[in-house]
Trainee: 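Structure incoming, see below.
Residue numbers start at 1 and run along the sequence shown.
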Amino acid sequence: MDGVRYKIREVLDKSRIETFLQQARIGHLGMVDGHLPYVVPLNFVWTNGKLYFHGATGGRRNQVMDANPEVCFTVCEEYGTITDPVPAKTDTAYMSVMIFGKAQPIVDLDEATHMLQEMMNKYVPGYFNRPLPKQHVDKYRSAVFGGPVQVYRIDPHHITAKENPMEEEKMFKPSKTV
């Protein structure tokens, strides 16, 4: 039964997945560190069918990806709890997307600049009054935290998405206590 229920929740509408990935703010990058899982939360941008993120070079995350670039990036938004008179049928309204692919460092300055501009457009829209100059990106690729900022791209080879939509009349609303 569970297999059927979760097949029903599968999202195949590519535009819904695109919109979701463009709007979600945090994702979790899953990696394989030798035989151990390693997962970190990240800001990201989804543009042109590819996922981008960045961070200081060095550090465990980049070492793990250098050794094994196969990753899974998961984005999930919880919309609330769906109630039911039967406790076992109480459920969560959500959407989630899993992106499987290889993480690769971006060395091209134009692509890195474009990605970082997209990141600023998403997280601080309108805050800066001019586009990000390439020289700025180049400088900070070699200065932040004593080492360069590294931009990564995941080219997806497989994407899955699931959703349990909200049912407005069944959504849990906590009672207000004074």
Trainee: Can you tell me how far apart CD1 (I159) and CG (L21) are? Round to the nearest 0.5 Å.
Mentor: 7.0 Å
Trainee: Within this structure, what is the CD-CE distance for the pair Q23 and M95, rounded to the nearest 0.5 Å?
Mentor: 10.0 Å
Trainee: Walk me through whether Y152 and I106 qualify under side-chain contact (heavy atoms from CB on, under 4.5 Å).
Mentor: CA-CA 5 Å; Y152 281 88; I106 301 305; 5.8 Å; no
Trainee: Would you name the heavy atoms of T47 and E118 that are closest together and state the gap between them?
Mentor: OG1-OE1, 4.3 Å
Trainee: What do the steps show when you test Q150 against N62 for side-chain contact (heavy atoms from CB on, under 4.5 Å), and what is the final call?
Mentor: CA-CA 9 Å; Q150 182 61 64; N62 294 10; 4.1 Å; yes
Trainee: Membership question, hydrophobic clusters at under 4.5 Å side-chain separation (ILVMFWY): are M119 and V40 in the same one?
Mentor: yes
Trainee: Assess, by modelled atom type and distance only, whether the side chains of D155 and Q104 contain a donor and an acceptor separated by less than 3.5 Å.
Mentor: yes
Trainee: Decide yes or no for P156 and W46: does some side-chain heavy atom of the first lie under 4.5 Å from some side-chain heavy atom of the second?
Mentor: yes
Trainee: Passes side-chain contact (heavy atoms from CB on, under 4.5 Å), H54 versus M115? Steps please.
Mentor: CA-CA 9 Å; H54 75 296; M115 175 275 171; 4.1 Å; yes
Trainee: Do NZ/NE/NH1/NH2 and the carboxylate oxygens of R61 and D33 come within less than 4.0 Å?
Mentor: no
Trainee: Look at the side-chain heavy atoms of Ile, Leu, Val, Met, Phe, Trp and Tyr, link any pair under 4.5 Å apart, and say whether V45 and L109 land in one connected group.
Mentor: yes
Trainee: Which atoms form the tightest heavy-atom contact between V32 and V64, and what is the distance?
Mentor: O-CG1, 3.4 Å
Trainee: Start with the C-alpha gap between T74 and V97, add the side-chain angles, then the distance that decides, and say whether side-chain contact (heavy atoms from CB on, under 4.5 Å) holds.
Mentor: CA-CA 6 Å; T74 302; V97 176; over 6 Å; no
Trainee: Check whether any side-chain heavy atom of V75 lies under 4.5 Å from a side-chain heavy atom of F20, and answer yes or no.
Mentor: yes
Trainee: Could you tell me which non-hydrogen atom of A24 sits nearest to which non-hydrogen atom of E77, and how far apart they are?
Mentor: CB-OE2, 3.8 Å
Trainee: How far does CZ of F172 sit from CD1 of I82, to the nearest 0.5 angstrom?
Mentor: 13.5 Å
Trainee: Mind checking the CD-CG spacing from E78 to N164? Nearest 0.5 Å is all I need.
Mentor: 11.0 Å
Trainee: Centre of Y38's six-membered ring, under 6.0 Å away, within 45 degrees of the axis: is that where NZ or CZ of R60 sits?
Mentor: yes
Trainee: Heavy-atom count around K122 NZ within 6.0 Å, excluding the residue itself: above 12?
Mentor: yes
Trainee: For the hydrophobic clusters of this structure (ILVMFWY residues joined by side-chain heavy atoms under 4.5 Å, transitively), does one cluster hold both V151 and Y123?
Mentor: yes
Trainee: Count the heavy atoms of every other residue, nucleotide or ligand shown that sit under 6.0 Å from NZ of K173, and state whether that count exceeds 12.
Mentor: yes
Trainee: Are I26 and L42 side-chain neighbours, meaning at least one heavy-atom pair lies under 4.5 Å?
Mentor: no
Trainee: Suppose we call two aromatic rings close when their centres sit under 6.0 Å apart. Are F44 and F73 close by that rule?
Mentor: yes
Trainee: Flag yes if L12 and I17 sit in one hydrophobic cluster, no otherwise; membership is Ile, Leu, Val, Met, Phe, Trp, Tyr, and two members link when side-chain heavy atoms are under 4.5 Å apart.
Mentor: no
Trainee: Give, for atom CE of M31 and atom CG of D66, the distance between the pair rounded to the nearest 0.5 Å.
Mentor: 11.0 Å
Trainee: How close do H114 and N48 get, heavy atom to heavy atom, and via which atoms?
Mentor: NE2-ND2, 4.4 Å
Trainee: Could you pull out the closest heavy-atom pair between V71 and I154, with the gap in Å?
Mentor: CG2-CD1, 3.7 Å
Trainee: Taking all non-hydrogen atoms of both residues into account, name the closest pair between R153 and Y52 and its distance.
Mentor: CD-OH, 3.4 Å
Trainee: Measure the NE2-CZ distance between H158 and F100 for me, rounded to the nearest 0.5 Å.
Mentor: 6.0 Å
